[in-house]
Structure formats: C-alpha cells, structure tokens
Amino acid sequence: MGDSGEEEAPLLPGPKDGGPAASEALDGFGGKSIGFLASMCLLCNNMCSSGMVQIPATFQGAGWLFPTTIFLVMTALSCLAALYLCKAVSWVQGNREFTKRVEFSGFARAVFPRWLYLLTVAVLIFSFTANNISAIVVSAQVMDSTIVAVTRHTCALVIYDRDSHTSHYNNATNTTITTGSDAVFRCIDNVPPGSDSPFGRAYVISIGFLVVMAAVVPLGYLNLDDNMWVQVGGIFLLVSCVMVWSAQFIDLGLHASRIPAVATGGYDGVISNIVFNYGYVATVPSWLNEKGPGVSIVTANLTAVVLATTLYLVLGVFGAMALDGSSVQDVLSAIDSDSRFWTVSQVGTYVFPIASLLSSIPVFAILIRYNLLNTGIMAHRWSANLIAVVSPWIISLFFYAGNLDEDLTNWSSAVLFSFINLALPFILYIIQYRRRYGLAAYSLYHDANGVIDDEHAALLSPALPGIDGADEPVRDIDDYRLAPACCPVSEYVLAWVLLGVSVAIGVAALALQIQSVVSDPD
C-alpha cells in the first residue's frame, strides 16, 4: 500500500497461496449485508445469555442497589469497550472503512507477539465455547421440561448418575445399604425440586438435548449474515416473554420488602453473573466484517446495550419482588413450578430458550470458526467446525447434571469474560494509539534492535505523516468517534481509566467467586 506500487501484504497470511488449502480457508465467511435492525438484534442477543434466568435471584440475594449499579456500570463500560475496539480495528492499515477481514484473533495476531497472540486466541475460543456450553445446557434442560409438560414424560440415556449407589450404614442391622438405579435408559414424569435438570444429578443424553441439537447445529454451519432472520425473531420472542412475565409479576403482587436496597449474604456471584451477560464485545469485530456500510456503529451498539440492560432490570426487579425467595433458583423453574402463573406465562418458559439461547448458540459457533480460519490456525472449514460446532455439544454433557451450569457461568465470567470483553479492547486500543501517534520508541512487535518486523509493519496502522514514511492522513470518522467533541488525547487518557476499571471489576469478580466457594464448598 502506498506510492511504491507494490502489492499490499495480506492482512492475515494463512495457508500458502495457490494450494487447495488456501482456497478452502477463504470459504466460510459472509458478506457485508447485515442491516441496522439485524445488527441491533444480533448484538442484543449476544448479551441476553443463559445468565438472564438467574437475575431475579441475584436481586433478592444482594438487594436492588448493588446489582443495579453493576448493570449500569457494565452498560457504559461494555459499550465504550466495543467502540474503542472498533476504532482500534479501523486503524489496521487499509481498514479505515472496514473493508478487510479482521477478526478478533486476527487483530491480536497483528498486535501481539506470537505467544501472547496464541494465548489470546485460546482465551477467546474458550470464552465463546463456555458461553455456548451454558446456553446448550439451559436450552436442553428447558426443552426436557417442555416435553414433560406436554407429553407427561421424557427419557434419556444415562451416562452416569451421581446419586446412584449411594451407601449408608444401618445401625439396626449392622449392614451397609446401597440405593440407586443401574438403569441405562431412564424415563421421568416430573422435574425434581432443587435441580435445574429434570434428571437430577445424572449425566444424560436426553430427548430434549437431541431436539435442541437437531434444531441448532445446522445453523452453526451457516455464515453470520445467513443467521440474521433467527436473530430478529429471537429478539421479538425475547421481548414478548419479558413483557408477559412482567405483567404476570404485577398481577401476582410486587413486594418491595423482598428486595431491600441492601441485603446480606448474596453478593458472591453478583459481579461474575452480570459480567457474563455482557460478553458481547469480543463478537464485535465479526459483526464489523459483515455489517452493511450504512449501519452506524455507535447507534447499533448503544441501542443494543440499552435494550439488553432494560430487559435485565425489568425482569430482575419485577421477578424479585413477585417471587418467593425461598423457591427462586432461576426464573424459568420458578414460573414452571408455580400453579398461580397464567398458561401464557408458562408457555413463555418454553419459548425463552428458543428466543434467547438457541439464537445465540449458532452465532458463537460461527464466530469460533471465523477466528480459527481468519488466522490460519485451522486451514479447513471442516476442522474449524469440529471445534466450533461439535465440541461444545460433547462438553456440555458434563454440565447437564444438577446446577453445574451456574458454576460454569460464574467461574468462566470471573476468570475470562472481564478480561476478553473489557480489559483487552482497551489494551489493543492503547497499543494501536501509541503506534499510530508515534508515542512508543519500541513495542511488543519490535525486535531487540528496535526494528519492527516486516509482517507487523504490513499489518499495523501507520503513524502520523513524517513518521515511518506514512502517507495516510490521520482523521477520525464521526460514526465511531466516542463523542462529537472528543479529541484523540482525551480518548487515550480515558482508555487508561477504563482499563483500570475493567481490571478492578475482573479482580472483584474473581475474589467474590473464590469467597463463595470457600464459604460454601458444596
């Protein structure tokens, strides 16, 4: 790129040009055709994850003040992280109008040394996979509950039952009695209390699991832009469910005493659960690659985040005020097991997984594939799909039993989500800014002599004119400027402040999660 007439280096070199692997690696991506409505629905769906069903219990356990504050902080912080990431991606050379294919992992490859880039990819893939595992588990559990409600029973192949062969000593007979079932194939006609899974603590391959898999897996093999009809339909159903449940909660009666401003003993998983729900920022680069040229980045992000937060607060506050705290584990189980609820409200518990969870599972599978192919880590689409589409379903079998899904949500959020969705976007922006404005005498991608290697020189944005011979004028596009009057220096300073806030949130989430395990090891 430039006046030399030389051919521009590829952004993310993969397999050698000309071979069959190269042509196959270019397959599997969508076009730039996602409009504003679909963009807003896609981003909002990525925030309305499986953790949504636990929000009323979160408000009852911690009171309304602390969760509401965290929600508002995450609304602002996640939106700003997304906008900072958009600007940093636009500073990749030749990508001012987002014409290149720059996935999150590809951006990390351009900015970080190899070891840090590979670590970033591993964390990103693990984060997306954890999100999908959680969504798969909740969807399958609710589908089994739906089948029980409609047909009065559901069945499953039992892999292992943690409650089988439970032994206790009988003092009267001086013998040890073993209870449990050796059944390989099990059918049930009701959902046991105290468990999200209809099969209790058993690891199973259930009919509900197979139904969800048959409905969702084919969508994961499509491209992102091919899934937009699912995203629009999902948001419509999701908003409808929250509206119906809110009306039901009001009809049951709202009791402010159930959610005081400050409660005691319920803060352990608050931050990690809420942060988990805002894990959409890492999906933004993939959306940038396929959004239509007329879609406003700021408007789409802001609309999606505000809509998601509104749904969370309405569901959390109204649900916490209406439901009995002693019976609330998640809102789906609470509604389904309470005969006072309208039929349409109970139907909503079966529609919700389709509206929220089933629409997000194929998206995260597609994003995993995109990131693996874009960097050349996987040269073939089939191998990328094996990791992106197939592996989460296999792993999810180990989280189906009991309430293990909640543990996955809290731990993955505490360890990964705050870093990948909050801290890392600001770090990438800061590195790109310092490179662009010539503030760094050396960087992570300079060698020991302070000379940048050829590969990264072709990938990174040039500095100001007169530095490194850059010929591209420095200007901002108003569409993704953080504020109309915000200058580059103030954005840079704010990025450092927000990075500190992100790190603090991540540390607090991890500390509270560890405390919850120490205080209640069961």
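Note that the coordinates shown come from a computational prediction; the quantities given were computed from them, not determined experimentally. Because only heavy atoms are used, hydrogens play no part in the values below, and waters and symmetry mates are left out as well, while side chains stay in.
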Interatomic distance, Phe59 atom CZ to Trp64 atom CH2 [nearest 0.5 angstrom]: 10.0 Å
Rounded distance (nearest 0.5 Å) linking atom CH2 of Trp382 with atom CG of Leu386: 7.0 Å
Tyr370 and Phe29 aromatic ring geometry - parallel, tilted or perpendicular at 30°/60° bounds: tilted
Trp245: ring pair (Phe, Tyr, Trp, His ring centres under 6.0 Å) partners, not counting sequence neighbours: Phe352
Chi angles and distances behind the side-chain contact (heavy atoms from CB on, under 4.5 Å) call for Ile505, Met74: CA-CA 10 Å; Ile505 289 178; Met74 286 303 303; 4.3 Å; yes
Side chain proximity check, Leu222 to Pro362, heavy atoms < 4.5 angstrom: no
Nearest-0.5 Å distance that lies between atom CZ in Phe236 and atom SG in Cys241: 10.0 Å
CA sep, side-chain torsions, deciding dist, call: Ile368, Leu372, side-chain contact (heavy atoms from CB on, under 4.5 Å): CA-CA 6 Å; Ile368 293 173; Leu372 292 175; 4.0 Å; yes
For Val347, all residues meeting side chain to side chain contact (heavy atoms under 4.5 Å, CB included), sequence neighbours excluded: Thr343, Val351
Check: Leu83 and Ile297 side chains under 4.5 Å, non-hydrogen atoms: yes
Main-chain N/O of Leu498 paired with Ser502 side-chain donor or acceptor, under 3.5 Å: yes
Asn301 and Trp287: CA distance, side-chain angles, deciding distance, side-chain contact (heavy atoms from CB on, under 4.5 Å) verdict: CA-CA 11 Å; Asn301 274 277; Trp287 165 69; 3.6 Å; yes
Test side chain to side chain donor-acceptor pair (under 3.5 Å) applied to Tyr221 - qualifying residues, sequence neighbours left out: none
Val305: partners by side chain to side chain contact (heavy atoms under 4.5 Å, CB included), with sequence neighbours left out: Met47, Thr75, Ser78, Cys79, Tyr278, Tyr280, Thr309
Trp496 and Tyr492 aromatic ring geometry - parallel, tilted or perpendicular at 30°/60° bounds: perpendicular
Side chain to side chain donor-acceptor pair (under 3.5 Å) partners for Ser286, two or more places apart: Glu103
Contacts of Phe71 that satisfy ring pair (Phe, Tyr, Trp, His ring centres under 6.0 Å) - sequence neighbours left out: Tyr312
Contacts of Thr69 that satisfy side chain to side chain contact (heavy atoms under 4.5 Å, CB included) - sequence neighbours left out: Leu65, Val73
Within-4.5 Å side-chain heavy-atom neighbours: Tyr429 and Glu491: yes
If you look only at distance, which donor and acceptor atoms sit under 3.5 Å apart when one is on a side chain in residues 119-126 and the other is two or more places apart or in another chain?
unit_1, atom_1, unit_2, atom_2, d
Thr120, OG1, Leu116, O, 2.8

Leu422 side, atom CG; Leu80 side, atom CG - distance, nearest 0.5 Å: 10.5 Å
Polar side-chain atom of Asn45 near backbone of Gln231 as donor-acceptor pair, under 3.5 Å: yes
Ring-ring centroid check Tyr117 Phe112, cutoff 6.0 Å: no
4.5 Å side-chain heavy-atom contact, Leu323 and Phe249: yes
Main-chain N/O of Ala320 paired to Gln60 side chain as donor or acceptor, under 3.5 Å: yes
Under the side chain to side chain contact (heavy atoms under 4.5 Å, CB included) test, residues paired with Pro392 that sit two or more places apart: Thr129, Asn132, Ile133, Ile136
Rounded distance [0.5 Å steps], CG in Leu313 versus CG in Leu72: 6.5 Å
Shortest non-hydrogen contact from Thr99 toward Gly94: OG1-O, 3.3 Å
Verdict with supporting geometry, Val390 and Ile394, side-chain contact (heavy atoms from CB on, under 4.5 Å): CA-CA 7 Å; Val390 178; Ile394 297 175; 3.9 Å; yes
Within-4.5 Å side-chain heavy-atom neighbours: Val295 and Ser39: yes
Minimum heavy-atom distance between Asn385 and Gly220, given as atom pair plus value: OD1-O, 4.3 Å
Verdict with supporting geometry, Glu97 and Lys32, salt bridge (charged side-chain N to carboxylate O under 4.0 Å, His left out): CA-CA 12 Å; Glu97 306 292 342; Lys32 298 183 73 64; over 6 Å; no
Backbone of Gly30 reached by a side-chain donor or acceptor of Asp225 within 3.5 Å: no
Minimum heavy-atom distance between Ala88 and Gln432, given as atom pair plus value: O-NE2, 3.3 Å
Test item: Phe98 and Ser90 side chains (from C-beta on) under 4.5 Å apart, heavy atoms: yes
Exercise: identify the closest heavy-atom pair between Ser345 and Gln248: OG-OE1, 3.0 Å
Under 3.5 Å: donor-acceptor pair, side chain of Asn131, backbone of Ser127: no
Residues which pass side chain to side chain donor-acceptor pair (under 3.5 Å) with Thr303, listed by chain and number, not counting sequence neighbours: none
Check: Lys100 main-chain N/O paired with Asn95 side-chain donor or acceptor under 3.5 Å: yes
Ile361 versus Ser139, closest heavy-atom pair with distance: CD1-OG, 4.1 Å
Whether Asn374 side chain and Arg101 backbone form a donor-acceptor pair below 3.5 Å: yes
Nearest heavy atoms of Cys48 and Ala308, plus distance in Å: SG-CB, 4.2 Å
Within-4.5 Å side-chain heavy-atom neighbours: Phe107 and Leu85: yes
For Trp393, all residues meeting ring pair (Phe, Tyr, Trp, His ring centres under 6.0 Å), sequence neighbours excluded: Phe209
Partners meeting side chain to side chain donor-acceptor pair (under 3.5 Å) with Gln346 (sequence neighbours left out): none
Interatomic distance, Ile274 atom CD1 to Ser418 atom OG [nearest 0.5 angstrom]: 13.5 Å
Side-chain heavy atoms of Val242 within contact of Val314, under 4.5 Å: yes
